[in-house]
Each structure stands twice: as C-alpha cells, then as structure tokens.
Amino acid sequence: MLEKDFGEVVVRVAGSAGDGVASFGDTLSKLASRMGLGLCAYNSYQSVIRGGFVWLQMKISNDKVYTHGDNPNILVPLNQSEYYRHKDSVLPGGFIVYNSDKVKVDQERSDVNYVSLSLRELSPQHSKQAIMQNILLLGAVVKIVGLDSELLKDVIRKSFGKKNEEVVNANIEVMEAGYNNTGISYDFGIKRQDKKYYVITGNYAIAAGAAIGGCKFYAAYPMTPATSILHWFASNGAKYGIVVKQFEDEIAVVNAAIGAGFVGTRAMCATSGGGFSLMTEAIGSAAMTETPVVIVNSMRGGPSTGLPTKTEQGDLFQALGASQGDYPKAIIAPKDPVSAFYMSAEALNIAEKYQIPVILLVDFLLSNGYYGIPFEEIDPSKIKIERGEIVTTLNGEKYLRYKDTPTGVSPRVLPGTSGVCYVAATDEHDEDGVLISDVYTDEKKRKKMMEKRMRKMEYIVKDFGLPVVEGDDNPDITFVGWGSTYGVIKETSNILRKKGIKVNHVHVEYVYPVKKEIAEILSKYKNVVIVENNYTSQYSKLLRMETGYSIEKKILKYDGEPFTPLYLFEESKKYL
Amino acid sequence: MLEKDFGEVVVRVAGSAGDGVASFGDTLSKLASRMGLGLCAYNSYQSVIRGGFVWLQMKISNDKVYTHGDNPNILVPLNQSEYYRHKDSVLPGGFIVYNSDKVKVDQERSDVNYVSLSLRELSPQHSKQAIMQNILLLGAVVKIVGLDSELLKDVIRKSFGKKNEEVVNANIEVMEAGYNNTGISYDFGIKRQDKKYYVITGNYAIAAGAAIGGCKFYAAYPMTPATSILHWFASNGAKYGIVVKQFEDEIAVVNAAIGAGFVGTRAMCATSGGGFSLMTEAIGSAAMTETPVVIVNSMRGGPSTGLPTKTEQGDLFQALGASQGDYPKAIIAPKDPVSAFYMSAEALNIAEKYQIPVILLVDFLLSNGYYGIPFEEIDPSKIKIERGEIVTTLNGEKYLRYKDTPTGVSPRVLPGTSGVCYVAATDEHDEDGVLISDVYTDEKKRKKMMEKRMRKMEYIVKDFGLPVVEGDDNPDITFVGWGSTYGVIKETSNILRKKGIKVNHVHVEYVYPVKKEIAEILSKYKNVVIVENNYTSQYSKLLRMETGYSIEKKILKYDGEPFTPLYLFEESKKYL
Amino acid sequence: MQAVDIKNFQVNLNPTWCPGCGDYGLLRGLQIALSKLSLDPSQVVIVSGIGCSSNLPHFIKSYGYHSLHGRALPTAEGMKMANPNLTVIAAGGDGDGYGIGVGHLIHACKRNIDITYLVMNNQIYGLTTGQTSPTSDFGSKTKSTPEGNYEYSFSPIFLAISAGATFVARTFSGELEHMSEIIVKAIQHKGFALIDDISPCVTYNKKNTYQWYKERIYKLEDVGHNPYDLSQAIQRSTEWEDKIPIGVFYINQDKLPYDQLDPVIRQGGIFSKPLELTDDQKKEILYSFL
Amino acid sequence: MQAVDIKNFQVNLNPTWCPGCGDYGLLRGLQIALSKLSLDPSQVVIVSGIGCSSNLPHFIKSYGYHSLHGRALPTAEGMKMANPNLTVIAAGGDGDGYGIGVGHLIHACKRNIDITYLVMNNQIYGLTTGQTSPTSDFGSKTKSTPEGNYEYSFSPIFLAISAGATFVARTFSGELEHMSEIIVKAIQHKGFALIDDISPCVTYNKKNTYQWYKERIYKLEDVGHNPYDLSQAIQRSTEWEDKIPIGVFYINQDKLPYDQLDPVIRQGGIFSKPLELTDDQKKEILYSFL
Ligand SMILES: Cc1ncc(C[n+]2csc(CCOP(=O)(O)OP(=O)(O)O)c2C)c(N)n1
Ligand SMILES: Cc1ncc(C[n+]2csc(CCOP(=O)(O)OP(=O)(O)O)c2C)c(N)n1
Ligand code: SF4
Ligand code: SF4
Ligand SMILES: [Mg+2]
Ligand SMILES: [Mg+2]
C-alpha cells in the first residue's frame, strides 16, 4: 500500500545538470495542468552548469497542491549514481522507472516495482540522443499514473513548435514507445478535473504582478535565484513598454532604479543577498531623498556566496539592517505565488505612496518552484495602481519638496514639471531641499526632518494586512511562519489533523514595520512554534524586539533544502 | 556667580571653517595638558571646507574630564555672526573675548564680562593675517583663567618648530599682547597639577592601539569621521613597518584587508556607514572563508550621506545585519579613548582567535573629540598579541583547513607554508575546503559546517567582558548606555547625586554577541533608562531581541549633536 | 545661437566652496552653456555624487539629484532611460568619477548613453580634506601619501576613449568662454560626453595651482587637432606634466546612443505612457502561464 | 627553462566545467606555465571571483582564495602587499573582471602591482546561464538581450593599456603552447599583467564558438608586432570581428611596480617581520600624544 493520500502522486526525476531534469518536469507540469490537476514542483539543482546531482520532484493531485511532498511514489533515475542516491527514498509499493541502457539495477528492493525500458531497443534510431531517454521514461510515468498521453502529444507539439516537425515526431514516437511498453500501472486516483490552472514560478508571478502593477523600469544584474525575473522582463518588457536593462553591477542597478523612480517611473530591481549587500547604501539614500523604489531579494543559502542554488530565509536581518542610520522602509514577504503576484504590485504602490524603498523578500523555493495556481486565484483587476500624491500644477504657492506633513509624506512634483525646480539630496536637508549639513546643522530642523520621515512608518503599518490565521479553535499547537513556508505548514497541519491534533497556523506576510497585533494574536495560544528556514530564527527575533513577545519553541532548518511536510511533522512531535 | 564646579572652566570658540577654530583648540589643549589638567573637547563643524558655522568647546579641569560640558564660561566668537549665535549661551558671570576689529558688540548682556582686544591696535604689523586674532584671543583666555603663559610659549615653539623662528616669534608676540592687555581675570580654581595627560582623539587611540596590537596592514578610503585614522597611519605606518594604502573604494579596501589577513597579516580598515554598506558583502565572505579582519565603523548622522560631520549611534543594526545569511561576527563599542586604545588591539585578537570579522563601532563624538587621558590609564604592556592557533609544521597528517572542532575554530596554515595547499572559498565547503555547493549539496555536511561556524559565537561571548557597572546601591535611577555616551552619563550621574538622587550606570562595550548577564544585571534595578544617540533605540531593541529584557524608558537624541550633561539631566527628570 | 537670460539658471543661494575654488568656474560655464542652449530649467536634471564639486546642483536652477559618492552616473542613466526628453547632466569630482565611480564611467562610455558628464578634476579629494585621487600626480604629497603618491596617474581622457565614449573633452575653470562652448557641444552631442574640467582646489592641492596649470595649458584647436582621428586623440590624451591640452579630444559620430537603440526608450521613453496595461495585455501575460 | 613536473600542480578533483569548455585550456596552460617556471605550489596563491571560470583555484594545486564576484583583484592586491614573496595570480571571467569588477581592474592597472590577472573571456555570463557580458558583441542574443545587445563591446586590451597596465596580452584556450609561454612572461613581468584568454563557452555562447574564433585568430608575433610601441598596441587592440590578434600587445618596462615603490612592501613586506613593536616604538607612539 502506498502511504500517500488517494488522488495524488509524487514523481521524482534525478540526474546531472544537462540531463534535462528541468525539461522533464516542465513537460510533466504542462500535462498535469492541462488535465486540470494541481501541482507543485521543486528543482534541487547545483551551482554547476554540467554534472552535479540534480533532482526535481513534483506532486500532482486532483486538488491544489502546496508543496512538492516528501518521498516519491515514482523515481526516474537518469543515471547510475542517481539511482543509488535516490532508490531508498521511494515509498513502498512505488516505482523505479529507468532506461536500462544507462542504469543497471542492483541492490534491488523487494517492495518497489522496477520498470525497465531500453532506449536502444525501443527506439534504435534515437538512441544516440541521450536526452531522448527522458521522453521515453515520461511516457512510462504517464502510463503508470494513468495520465492522458494524447494530451501529452499536444504538449510536445506546443513545446517544440511548428517549425520542428521532425523533432516533434521523434519525441512523440519515443514517448509512445515508453507508454506502450510499460505493462504496469497503479490507481493513484488521479483523474482529469474540470479546473484551470496557471503553472507559474514565484519569480514569474513577481514579474507579472509588477508588469500589471505598472512597473515601467526593470533593472537587474543576474543572480540566482532572482535571475528568471530578468529573463521574463527581457523577453516581455518591450511588448508592454517596459525599459529593461542589465547593468554592470548591483550598485548601478539600484541607483538606476532610483533615478528612474525620481523622474516618475515605477521602478523595480531584483537580486539575491550578495547583490543586495551592494545595494544597501542606495536603499538608505532612496529613503533620504524620498524616492520610491522596489527591491526584490530572493534569498538563497548563505552566508556569502554560500549555496547559490539552495533555499534559506536567512536575509531578514540584512534587509532590516540595510544601510546606516534610522529610516523608513517596508519589508514584505509573500507566502506563495498568488501573494507574490499581488504583493509585487502592492510593493510598487507602497513605494510610491510613502516614497520609500520597499523590499520584497522571497527565497529560492518560492522563486523557482513551479506551482499550479487555480485560474480564479489570479485576478488582475484586483491590482490597482496607487501613486500617492503627485502635484502637476501649482497655484502660485511656494512648493516645498519635503514639506513636513501629518503623515510625513510630502506631495511630489516630478522633474520636467515646469515652473518648479528642486534638488533632492542624500545629505540632510530642510523642507525646501536645501542642505542643512553644510553651513549650519540647525538641531531643530534636523529633528523635524528625521521625525517627518520616520512618521511614515506609523501609517505604513496601519495599511499592512494582518497575518493569515487558519485552522482549528483551541489548537494543541500553533505554527508561526513567514514567506515561503506557508505551503509546507499548511500540509503539515493537515497531516497532524489526521492524527487528531488541533492545529492552527499564523502566517506573516507584512514583515516590517511589525504589526503589534501579531503579538496579541499569538498570545492567545498556548503552544506556539515558529518554523523558519534559517539558523537563528530571525523572524522570532524581530517579533520579540518589536513587540516583546517571545516564541521559545522553534523548528529551524538550514541545510539548504526546504522543509517537507513529513520532516516538519516529525520535528513538531517534540512540541506535542 | 558661575554655576560651574570650582576647579573647572568651559571655553567655547566659534567661527567659520577656515577661521582656525580647531587649531585654537589644539593649542589650548596642549597647554592645559602640560599644566597637568584634564580636558575634553568637541568640535562641532560642518560639511564644508570654508564657511559654515563651526564651534569648538573644551572643558578644562583639575581632574580628569569626561565631556565637553554644557554652556561655556568663556566664549570666543571669531566673527560677528557667531557672536550673535552663541552669546546667549555664556553662563552668567562669564566672559566674551573678542577682536573688536572683527566683532562689534551690541545687544549687550549685563551679566557677562566683555573683553575687547583689537589686533589692529595691539599688533598692527600682524593685523593683515586674520588667523593671528586667534593667538591674541587665546592670550586673553589664558590670562582670564590664570593659565601659564610661559608654558604656552613653549607649546607655540613646539607647534611651529625650529625652522619657523619668525612665525614662532610673531605668535608669541601677539599672544603676549593679548595676555598683557587683558585686565580682568577670575579664580576658576584651576591650578597646575602634578599629573601627566595624553591628549588624544578616539581615532588616534584606535590607530595607536592597533599599531601596538600588531596591525601590519591598514587600508582605507577617506570618509568622515574615520579619516583621521588613515591620516595617522599614513604619517606613521612606515616607521612601524605597517603597509598603509588608500584604495579606490571601500569594496577594494575591505577585500584587500581580507586578502592581507588571509596570508597571515593583522589587517584593519575603517570607514563610516556609507562605506560600511559597501563593505558588507565582503564582511560576510570573511566569516565564510574564516579570515580575520577588523572593520572600524565610525558612525555619523544618518541616514545616507546624512550629517557627515555630526554624531549619532545609528548604525548598530547595520553592523548586525551586514551581509546575507547567519554567520559569526563580533561587534564591540569602546566607551572612551582608553577603551578605544585597548579594544582596537583586542579586536585584532578576537578576529584572529576566532577567524571572524570584528566590527569596532565608534562615532563622530568619540572619533574626533579630544580627551586628556591620565598617563597611567594607557599602558601598552597590557596589550598582548593573541593570534589563535596557527600551524606551521605538519607531522604527516592530512591538514583540514576547516576541521570541525569543539570550538568551531580550525587551526590555520598560512599560505606560503610548504607541504600544504588549500582553497578558501566563499561558497559553502567541507572541512577540506572542497565546495559542497557545486556538485552535490550534502545536507548533513552543510549542517555540520554551518554549526561549526556558528559555534564560535558561544565562545566569543564567554570571552567578552561584563558591562561596566558604576554607582550607588539601591539606585533611584539606572542609566544604560553603550559606546561614546559613557562620559556624559557619568557626569550627569554626578549632577543627579548632588541633588540627592542615587544613580547607577550600566555601560555596555561588548555589544554582540549579547551577554545574557546584562539582562540579569538590569533586572535587579527598578528604574532603568536607556540613553542612546539615535531615533529607534537600537541597543534596547538588540537587548530585547537577544534576552527578552525590555527597557521601556528611553532618552534618545538624534539631532546631530551629542548629549551634554545638563541636557541629559533635564531629560532624566521625567523618570524621577 | 539664441541665448536666454543666464538668470534663468541662477538661484538665491551662495555656493559653499572656498573662495577661488575652480568649481565656481564650472558652475558659471555651465550656466552660460545652458542659457546659450536656451534650455528650460525644468527640463534639465543635474545629478551629482558626493564631494565639494558634487554640491553643484544646489547652486544652479534646474531639477537636481545629489546622490551618493560615485553614483551620479547610474542614477543619471536611470533618469535618461525613463525620461529621454530630459537633458540629463551628471557632475562631480575626480574622486567621485575616476576613483570610486570609475566602473560606472567605463560602462556609461561603453553604453554611449546620451548624458553629459562634467568632472571637476582638482587632482585631490577636497571635501575629505585632501587625500590622493586617481589623477593626483605621481609623487604628490597628500594627507594619505605624506611621503608622495606611489601610483602613476591615468588620463581620464584616454580611459574614456578606450571605453567607447563618443565625445571627450577637457576644459579649464579659468577659461569660461572656451568651457561654455564645449559644454554646449557636449550637450548637443547625441551620446555619452565626458568633460574633464580642470578645476583647481585652492585649499588642499598646493601643487596643481592655477598658476601651474596656466603655465602648461594650450588649446587643441590652436594646434590643428582633428578630434575625429582616434590616434591623434590618444596621443594628445596622454600629454600632461609639460603641456596640458584643453579642448575637444575626440568625437565619434558612428555609434548610436543607447537611448536610440533600445526599442522602448527610442519611442520617447516610458514616461509619457500610461502605467496601466490594457486588459488584453494583462490577459496575454497571464495566458502565457497556461 | 628547467621545468618541474606538471603533476606538482594537479589535484585529485575533476573540474566541474562542461565538456569542451575553454576554461580547461586555461587551467592546463597555467599548469604548464607554473611548471615551466619551476614554482613551488605553496608559494603560489590563486585568487578568483565568482563564475564558472572562477572555480579554477579548486582544480589546481596551490593556495587558493575563491572570493566574491568581481573582487578577485583587490583581494589579490592585499595578499601581494602583505606578502610580496608570494606569486599572486588572479583569475576569473569577463563578467567578473570587466563587468562588476572593472573599477578594480582599472585601478590595479594604474597601480601596476605585480599580479598576473587571467581573464577567461567567453563573452557571456556562464554560471548564471547566459546573459550579456561587457565583451558580448553588439547585437548578440542572450537571455538578457533576446532581441540583441544594444551596447557596443569594448576591448579589454585597449582599456587596460589606457589605465596603465604594463603587460597586456591575449591568449586562446585552443592554443596551449602559445598560451603557456605568454603566462610565463606575464608572471615574470614585474608589474601588473593582464591576459585576456579567449575561452569559449560551449553551452551558452552559440555565436562566438571555437570555430568562429579559429577563423579569425592570428598571432601578433607573426605580423611583426612591436609590443613596446604604444600606438601599434592600441591599433591592434581594437581589431575584432574580422581578425582577432593573440599574443603580447603591450609591454612597458619604464614603470616600477607598486610593490617596489612602497617603502614597507619594498623591504620584503610585513609578513616576515614580528608583529609586536619594540618598547621604544610603543613609547614613541604614545609620547606623540603628549
Ligand atoms: C561611500 C563613500 N565613501 C566615502 C565618502 C566620503 N567622501 C565624500 S567626498 C569624497 C571625495 C571627494 O573627492 P572628489 O570626488 O574629487 O570631490 P572634490 O571634493 O575634490 O570636489 C569622499 C571620499 C562618501 N561620502 N561615501
Ligand atoms: C554580487 C554578485 N552578483 C551576482 C552574482 C551572480 N553571478 C555569479 S557568476 C556571475 C557571472 C559570471 O560570468 P563570468 O564572470 O563571465 O564567468 P563565467 O561563468 O562566464 O566563466 C554572476 C553574475 C554574484 N555571485 N555576486
Ligand atoms: S576644498 Fe578645494 S575643492 Fe573643496 S571647495 Fe575648497 S577649493 Fe574647492
Ligand atoms: S557554461 Fe560555459 S563557461 Fe560555464 S562551464 Fe559550461 S562551457 Fe564553460
Ligand atoms: Mg577632487
Ligand atoms: Mg564569462
């Protein structure tokens, strides 16, 4: 018996970089979503271009899926070493599907089914193209799970396009060889559903949300795991009138984005921790000149170059401590691709409304994971562009760029507006923009300007939403998470519930400034456990520092890989 | 009657940049210290080279002095506008000493004494050299206070050196004209003392401490308020075999220091917040490659370019959040120049012993203030160079650069040592230095290496000293401070004591990792007030986040100028 | 040229520079040039870094952005890309532009973006009270090199040409008419223009004084220099100690500026377009994820 | 030259580069050069940045420091200044050295510090899966410029010469003997040496392939090039699309390296000296504050 829920299946494909692990996943995800199935995939790859140990795991289900699951029902090892590395992970009753030209099976397990296919035998004319084994084995998987092979042909046709008829035919041929020569199948309960899904990564959701949210300037310097945002904009920007530019480094990136923001454009840029380090000086400067800018930081395993292709939530304090001095900023961390879509646009709104830098904090897992998102959950009409106060005509009154107002926000006049001129400076300045650092630092003026800027924080925090609170009343355990751990906490909660445990889940997306209500909410529960993908439990530190509320129970992971439901389930036992 | 303690006097000289305010202070400080008097001076200058409103204030006393005091007994306005700006600050019974060629006295106060001298009349041959008014007025001040004019001649001779006999004579002449034509004096109770003082700024103390502490590589890019450390090393380095280099930017600076540290030199660099931002990426990298490096951050008014020549303690969170990910580091903040001297050397020891980046956090006030330090408080023999474990010969066993040890510290072999070769990488690596990020990120190895590095923190915190605790039993009020506020809290405490209030003072110098004992110490007191020169009370946040201990009562200042005793006294009333 | 009144570019604030500072010259030369060009101050943005020289935007009427040390160029590039209708001028010191910011300079030259960059070169770090800069002469005694500078200086002119700048000139703060003419040409030039302005620091650079420069300076136009000839330009660019040429070293009109190559910027930039996409565009984006 | 066994520089770890990657060539060429020079591996430090090419130190026996993206040079400079007895070699990619790190390159050239810098130039960002680099040709289609690169590429050779480098050469990963001879000369050269190695990326650069290069490459020594002549060097440095010269472009022996000018480094550096000052020195320091 498979230890899995009926109606879902977990497939793992493992190989080396260059073996086509990602495209195997890509094709499978397209097939699944076109069958109306939910899915979630995680690609555990390495920081080399060829070689290295790579595996991709996808959970496919009749319903929406939140994580890539734990141990697989089906393993597809693309070479010998990956066979050894992963064979023990397969659940009892599961399948190991392999190309016998490349993988020799030994140390056989008696509790799994071996499905052996030979590319050389089944499709001699294509056996020279190593990559063809993937489609062969995919055909077998489709057969085992009972997915729709006709639809798969369609997907293949779409992928390779009309121009490559020969390639399309070859792929279909080999796929069918795999499909037809697999004599075994299993009823996972997977059935075509009448649902529509987008298949999207967190990064694409950010890009799409920003584009729809009015981003018109995107600057970047490539850095994993943020790079695919650049790729999206580079391929799509021109269509939507978005200037897209790769600069010489992250310092140029963020300063250019600030320049673009200063002249009145909605500007965004993205990087990971190392590049973010280089951006910090300018982030503080945007707060000082009160220029809107959005910086996406997609976190990876740290410190330093660290684990470039692994996940971690270790950069919260970096975001918090970015640049010298006290200044207003916002840090938000979407919990999944749907949130990423909306919050990316919201970040642009917050930035313009409050004229501050906004940091959108995501991580490798969310950025590069593939998620099936039900159609109705992404509604572009919900995105409203809010620019804050922009003055275009002045009725003779003297314009003060940094007017001291009750909210701390001073209406903007954009450069190019005639009849007005001002200078925005990173030095301390008075309401009119004139420096107070050079001739005489009037202490009262300085105090006023500092308070004006910091006052924004009171209003931002009011705009912020409360955390997501889900689950049972009178919970035996309360999980607290932030960012990408939402899915795994949700699935783990369900596992626990099946064991009769009452669980609730408080998930924070609006990270900084901290809403004091979070502490109030948590203090109602008796057994609060924080779940973080880092070593020092950065969020619980932030919460304690801002509210005094302590979370003493912690489940932390910092080995590069994301949490999985069973892992979290096991870890949570110590608090039950 | 002067509201000052007997045995001390406060002199303020005010002018524009270029008027020679600093050299007036310099000469006076030399005279005072040679008379065995204590002193402390603060130079409130602006971020322009000429013009701007500059004032320097010095407190001189029969005893050691901790701050530059509040309102002056004697004001020396060097021009008309500064006369107006400062005249009301003079204490009743005090003196305004001016050159009547440049300053016209009106809006006269009846409670102060006006001492008018004319350079043109008294020394017509030097009246073209505007700068000569300073020595004239200094002569007058010396007369009023009853300082030793013969000694002052000596100081003048030393300052200008033998080569400039003409200049020396001119200065002595004019000084005597001022001295002899001042018909008034006052018994401040200042008397020659049988004490020896160094006159030193915080920055010079850092430089001297580092040089004596074995620093052999100093790199920098100029940035106020850290620049004078570079100037000290540039003038003195070669004598002591120290390589001193100004690089093209702060990124080069810190990476070069790391490179120097890697090959086995003790390396230091210094900057302020903006430059520190640029250094953060490399700071994390030093932790990852386990390379010792010391970074001095002298804080100034922020955010961004902010107030380049003003003081603030606003960069604590920047230091804390420097670079991505979790990694070991130490942050220490000397309380005065004596501490700066020892802690600068200690920073080099910590860095080498634990193979980590160490951040020495000071601020404008401490960096550039002049302090008279009693001779016996600075004892170079107390500085011991501790390098941690360095292996020079291997007995055939395989050397593991990143050996997992109980303390997390792995003995170093320095490049150039024959028979060994290894690679230090900013990517995650195993004990032997081989990357684990590229081919296969073994989760167990990663976890082990992360824990190895972070384990150092447990030992560092044990090495750290407890905070300074001074004052009365059963205090009515307990002040908590860190860094440069030590002096002002000490003086304020004495003012309060004179009013019959029991005060104690807990001062933190070892900032991070946080010693939990600090919370225990504080929780014994009933009325705890934190004093910080920043907006958000960064230290109390850090303390709460690390220990859960909350300080609710705060006295914060963020207007660019440092606390003064009376200011702090007034502010503390709300908690009494 | 039909000039507007120079008053259009004057503000009610005295520069904070030392009396005699060369930066007064550049300020004046720039004001003359902008008035010669009859520009509307509200269509001009001047972006600077940090340094004495970088305080310039405060002393001239136009929009201004006083950015970070070394970061004037990328900030200016973002502005130009977002709103190419603006006349974008970057300004700063030699430390700012050739020291910490030289990477951006190289790439701005390479990118050939239509910005005029004015470097007030005083061969010293002024605002930080006198340390070595990348253009400090070999052997110069400064606060950071009290025994003399052990680095050879480079020629920013040579460097900019090698990186691909299409208009490279030198001016002198003691020659305003000459300077303003060159600034006019630089602003009119379509592409990246570097002007290395010799702007003496009277307070901290006691070697390279007005006098020192005056003894050495000559005009390229007086010696029949052809700015369209790369090898002539390079040869002149390395002249220093004995003779110092001012004028236009190099012009290259073969390369299009970045802002005319990029398909979005070319269309007048994004500034004038509505931020919101059409419903069809939104759908297209989402459907690409099906 | 009396060469030691190349095995001295080999390690028990297979490079992680794609089969056919040009970086194998440079690795081999460097190993040959080091063995020709009979160096002791423990007296060599190789410092790299981040990129496919920057993984090199792991595949060669010597001390190594795999630093940050773009920061190989300043790290290497700190090492050389602290211990000038070491042979310090910096290595990395075109993105690393000419993109994010170009400011350091310019200043290292200017400083003329005795380091050999090997840039594996594949005209692409390899490790991040194929974006435009500063040497990507105009019009190149990459992941960040799917419609073609709108920037003109620059010549790193030209740039380094203009910044003051005293040894500037180009090698090709397909010509190992030629390469290793040039690396030998570069290491022997006293001063900063840049070697721009053409090192094809077989995975992401589909334009500039081995074939493409082979059709264009010629050797400077075959055409009688005089590397001591600046103007010849510059002229050759700008050749590309049609003909690509390899060999030594430029040598300047008139400038002393930084490490021989600085009074402390010149004396064999600080490395060999005791850290502790004498009691007299300590007193002298403190008495200066009296
Ligand atoms: C990141 C950073 N590092 C250092 C400084 C300090 N700083 C301010 S101006 C300046 C150099 C000024 O020299 P230059 O650019 O030549 O301008 P000048 O004052 O000579 O006109 C420096 C180093 C800074 N503001 N920011
Ligand atoms: C500060 C920073 N920004 C970005 C990156 C991501 N990154 C890693 S390698 C690389 C570029 C590699 O290109 P190149 O230097 O040409 O080396 P190649 O891989 O082509 O050999 C980039 C951008 C990084 N590691 N650090
Ligand atoms: S210090 Fe030099 S550059 Fe700065 S304002 Fe004065 S003269 Fe000008
Ligand atoms: S991606 Fe290119 S540069 Fe990187 S290893 Fe492969 S061939 Fe070499
Ligand atoms: Mg300068
Ligand atoms: Mg490359």
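The figures here come from the full heavy-atom set of this structure, side chains too, leaving out hydrogens, waters and symmetry mates.
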Asks: Let's test your reading of the structure: which of A/Phe276, A/Tyr45, A/Tyr558, A/Tyr549 forms the most heavy-atom pairs below 4.5 Å with chain B?
Replies: A/Tyr558
Asks: Could B/Arg544 and A/Glu546 be called an ion pair, given the rule that one side-chain N must be under 4.0 Å from one carboxylate O?
Replies: no
Asks: Identify which of B/Ala425, B/Ala287, B/Gly314, B/Ala322 forms the greatest number of heavy-atom pairs closer than 4.5 Å to chain A.
Replies: B/Gly314
Asks: Using a 4.5 angstrom heavy-atom cutoff, name the option from B/Asp326, B/Val48, B/Asp315 with the most pairs to chain A.
Replies: B/Asp326
Asks: Using non-hydrogen atoms and a 4.5 Å limit, figure out which bit of A/Ser81 sits close to chain B: side chain, backbone, both or neither.
Replies: neither
Asks: Heavy-atom distances under 4.5 Å only: say whether B/Lys541 touches chain A with side chain, backbone, both or neither.
Replies: both
Asks: Between A/Gly274, A/Gly52, A/Ser272, who has the most heavy-atom pairs with chain B when the cutoff is under 4.5 Å?
Replies: A/Gly274
Asks: Identify the two heavy atoms, one from B/Ile436 and one from A/Gln46, that lie closest to each other, and give their separation to 0.1 Å.
Replies: O-OE1, 4.3 Å
Asks: Indicate yes or no for a side-chain donor-acceptor contact from B/Gln324 to the backbone of A/Ser304 under 3.5 Å, with no hydrogens or angles considered.
Replies: yes
Asks: For chain B, find which of A/Ala319, A/Gly325, A/Ala286 contributes the most heavy-atom pairs closer than 4.5 angstrom.
Replies: A/Gly325
Asks: Does a sphere of radius 6.0 Å around NZ in A/Lys452 hold more than 12 heavy atoms from other residues, nucleotides or ligands, not counting ones at 6.0 Å or beyond?
Replies: yes
Asks: Non-hydrogen atoms of chain B under 4.5 Å away: do they reach the side chain of A/Ile251, the backbone, both or neither?
Replies: side chain
Asks: For the residue pair B/Tyr535 and A/Arg453, establish whether any side-chain heavy-atom pair is separated by less than 4.5 Å.
Replies: no
Asks: Give the member of A/Gly548, A/Ala17, A/Ser540 that has the highest number of heavy-atom pairs under 4.5 Å with chain B.
Replies: A/Gly548
Asks: Between B/Gly306 and A/Met288, which heavy-atom pair has the shortest distance, and what is it?
Replies: CA-CE, 3.8 Å
Asks: Check each atom of B/Glu312 against the heavy atoms of chain A and say whether the ones under 4.5 Å are side chain, backbone, both or neither.
Replies: side chain
Asks: For B/Lys447, look at atom NZ and say whether over 12 heavy atoms of other residues, nucleotides or ligands are found less than 6.0 Å away.
Replies: no
Asks: Picking from B/Pro303, B/Gly302, B/Gly273, which has the most non-hydrogen pairs under 4.5 angstrom with chain A?
Replies: B/Pro303
Asks: Could you look at B/Arg300 and say if it's the side chain, the backbone, both or neither that has a heavy atom under 4.5 Å from chain A?
Replies: neither
Asks: With a 4.5 Å heavy-atom cut-off (strictly below), which parts of residues 278-285 of chain B touch chain A? List them by number.
Replies: B/Leu278, B/Thr280, B/Glu281, B/Gly284, B/Ser285
